[in-house]
Amino acid sequence: MTSLFTQEILAVVVFKRLMLLQQMENKPEDQNKGRASQTQAAKAALQRNVSLLKDIEAAEKSLQTRMYPALPPEVAALETLYWASVEEYIPKWEQFLLGRAPYPACSENGNEAEDTIPKRAQQ
C-alpha cells in the first residue's frame, strides 16, 4: 500500500513539475507578445498625439486670425513709425534711468521740441 501511495505522490510531483516547465517555456513568448502589443499601443498613441497637436495648432491659427485681423495700411504705418521712435529714444531713456544722464526731454540748448519729435518725423 505504501508503494501505491508513494507512486501517487511521485506522479503528482512529476505532473506539477511538467506544468511549471511548460509555464517557464511559455513565459518568454507571452512577454514578447506583451511587449509587441505595448509597442503598437505606444506607436498609436504617438500618432494620435501628433494629430491632436496639428489640430490644436490649426485651431490656434484660426482663432488668431479672427481675433487679430490684418491692420489697415495706415495703422500699420503708424505702428512702424511708433516703434522706430521708441527705438530711437531707448538709449537716451536708458542712460537717464540708470542715473547717468539728465532727463531726456531737455536738450543742451534748452529746446524741448527738438528732442520730443523723432528725427524721422522732422524730415
Reported [atom1]-to-[atom2] distance for the pair [X] and [Y], which is rounded to 0.5 angstrom:
{"X": "Met19", "Y": "Arg17", "atom1": "CE", "atom2": "CZ", "value": "14.5 Å"}
{"X": "Trp93", "Y": "Leu98", "atom1": "CH2", "atom2": "CG", "value": "13.0 Å"}
{"X": "Ile56", "Y": "Leu63", "atom1": "CD1", "atom2": "CG", "value": "11.5 Å"}
{"X": "Lys92", "Y": "Ile90", "atom1": "NZ", "atom2": "CD1", "value": "12.5 Å"}
{"X": "Glu88", "Y": "Trp83", "atom1": "CD", "atom2": "CH2", "value": "14.5 Å"}

| query | Taking it one step at a time, do Leu78 and Tyr82 satisfy side chain to side chain contact (heavy atoms under 4.5 Å, CB included)? | reply | CA-CA 6 Å; Leu78 286 173; Tyr82 169 77; over 6 Å; no

| task | Treat each ILVMFWY residue as a node, draw an edge where side-chain heavy atoms are under 4.5 Å apart, and state whether Tyr103 and Leu97 are in one component. | result |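 The answer is yes; both residues are in one hydrophobic cluster.
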
| message | Tell me which pairs pass side chain to side chain donor-acceptor pair (under 3.5 Å) where either residue lies in residues 34-49, with sequence neighbours left out. | response |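 Qualifying pairs, neighbours excluded: none.
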
| request: Could you list all the side chain to side chain donor-acceptor pair (under 3.5 Å) pairs where at least one residue sits in residues 50-62, not counting sequence neighbours? | output: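 Matches after skipping sequence neighbours: Ser62-Arg66.
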
